[in-house]
Amino acid sequence: QVQLVESGGGLVQAGGSLRLSCAASGSFFSINDMGWYRQAPGKQRELVAGITSGSNRNYVNSVKGRFTISRDNAKNTCYLQMNKLEPEDTAVYYCNAEAYGKDYRYYRSWGQGTQVTVSS
């Protein structure tokens with residue numbers, strides 16, 4: 001099992017930066033892939049960035065060159081550095097992770113979400 005807690009959201013002006021954190025806790029051997037999703041009101045949830053246990057990264061095209069996903073395995077934490085934020089980035093951002101539990105099962109968990117609002 002894994003519990004995820006996001007932090008770092010807030011209100012910023014266009015062009016500003018935020019750094020989101022996702023801390024994982026629970027009874028697991030390891031965290032495999034981790035990712036950040038976002039969902040704006042009335043829109044579908046989309047994958048923003050993902051990172052594998054081997055630090056292979058992928059991004060949705062709209063954030064390439066602006067966002068950077070990283071992880072600190074020792075801290076079981078994933079980060080999303082967001083630069084040059086745009087109003088279109090406004091959404092609730094959710095962390096997602098797969099953990100290999102101590103019960104030898106794989107668990108896919110979501111965080112509670114953190115609001116990111118970018119003003120024009």
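Just so you know, these numbers come straight off a predicted model, no measurement behind them.
With hydrogens and angles disregarded, a donor-acceptor distance shorter than 3.5 Å links the side chain of Asn96 to the backbone of Ser109. Not one N or O on the side chain of Arg45 forms a donor-acceptor pair closer than 3.5 Å with the backbone of Gln39. Remark: the backbone N or O of Gly113 is paired with a side-chain donor or acceptor of Glu6 at under 3.5 angstrom. A distance-only check finds no donor-acceptor pair linking the side chain of Tyr107 to the backbone of Phe28 [under 3.5 Å]. For the pair Thr52 (side chain) and Gly54 (backbone), a donor-acceptor distance under 3.5 Å is present. With hydrogens and angles disregarded, no donor-acceptor distance shorter than 3.5 Å links the side chain of Thr90 to the backbone of Glu88. A donor-acceptor pair under 3.5 Å is absent between the side-chain atoms of Arg108 and the main chain of Tyr106, judged by distance alone.
Remark: Cys95 SG to Cys22 SG, distance under 2.5 Å.
Note on Met34: it does not cluster hydrophobically with Tyr37, by side-chain heavy-atom contacts below 4.5 Å among ILVMFWY residues. Note on Tyr79 and Val63: separate hydrophobic clusters, where clusters join Ile, Leu, Val, Met, Phe, Trp and Tyr whose side-chain heavy atoms are under 4.5 Å apart, directly or indirectly. No chain of hydrophobic side-chain contacts below 4.5 Å, direct or via other Ile, Leu, Val, Met, Phe, Trp or Tyr residues, connects Leu11 to Tyr93. The hydrophobic clustering, which links ILVMFWY residues whose side-chain heavy atoms are closer than 4.5 Å, places Val48 and Tyr94 apart. With hydrophobic clusters built from ILVMFWY side chains whose heavy atoms lie under 4.5 angstrom apart, Val60 shares a cluster with Leu18.
Between Pro87 and Ala14, the closest heavy-atom pair is CD-CB, 4.1 Å. When every heavy atom of Ala40 is checked against every heavy atom of Ala91, the shortest pair comes out as N-CB, 3.8 Å. Minimum heavy-atom separation, Ile31 to Ala99: CD1-CB, 3.6 Å.
Applying the side-chain contact (heavy atoms from CB on, under 4.5 Å) test between Arg38 and each of Val92, Leu20, Asp89 identifies Asp89 as the sole match.
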As a quick check of understanding, evaluate side-chain contact (heavy atoms from CB on, under 4.5 Å) for Glu86 and Lys84, giving each step before the final call. CA-CA 6 Å; Glu86 304 168 354; Lys84 297 182 178 180; 5.9 Å; no
Checking side-chain contact (heavy atoms from CB on, under 4.5 Å) for the pair Asn56/Ile51: CA distance, chi angles, key distance, verdict? CA-CA 5 Å; Asn56 195 338; Ile51 185 167; over 6 Å; no
Criterion salt bridge (Lys or Arg N to Asp or Glu O under 4.0 Å) on Asp33 and Arg71, from CA distance to verdict: CA-CA 10 Å; Asp33 60 301; Arg71 61 191 293 168; over 6 Å; no
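For the 3.5 Å distance criterion, the side chains of Asn32 and Ser53 fail to qualify, holding no donor opposite an acceptor.
The line from CD of Gln13 to OG1 of Thr117 is 13.0 Å long, rounded to the nearest 0.5 Å. Note: Ser27 OG to Asp103 CG = 7.0 Å, rounded to the nearest 0.5 Å. Rounding to the nearest 0.5 Å places CD1 of Ile69 at 10.0 Å from OG of Ser55. To the nearest 0.5 Å, atom OG1 of residue Thr68 and atom CG of residue Leu80 are 8.0 Å apart. Between Ser17 atom OG and Gln81 atom CD the span is 6.0 Å, to the nearest 0.5 Å.
Other residues, nucleotides and ligands place more than 12 heavy atoms under 6.0 Å from the CD atom of Gln115.
Taking the six-membered ring for Trp and the full ring otherwise, Phe29 and Tyr100 have centroids separated by under 6.0 Å. Under the 6.0 Å cut-off for aromatic ring centres, Trp36 and Phe67 do not qualify, their centroids lying 6.0 Å or more apart.
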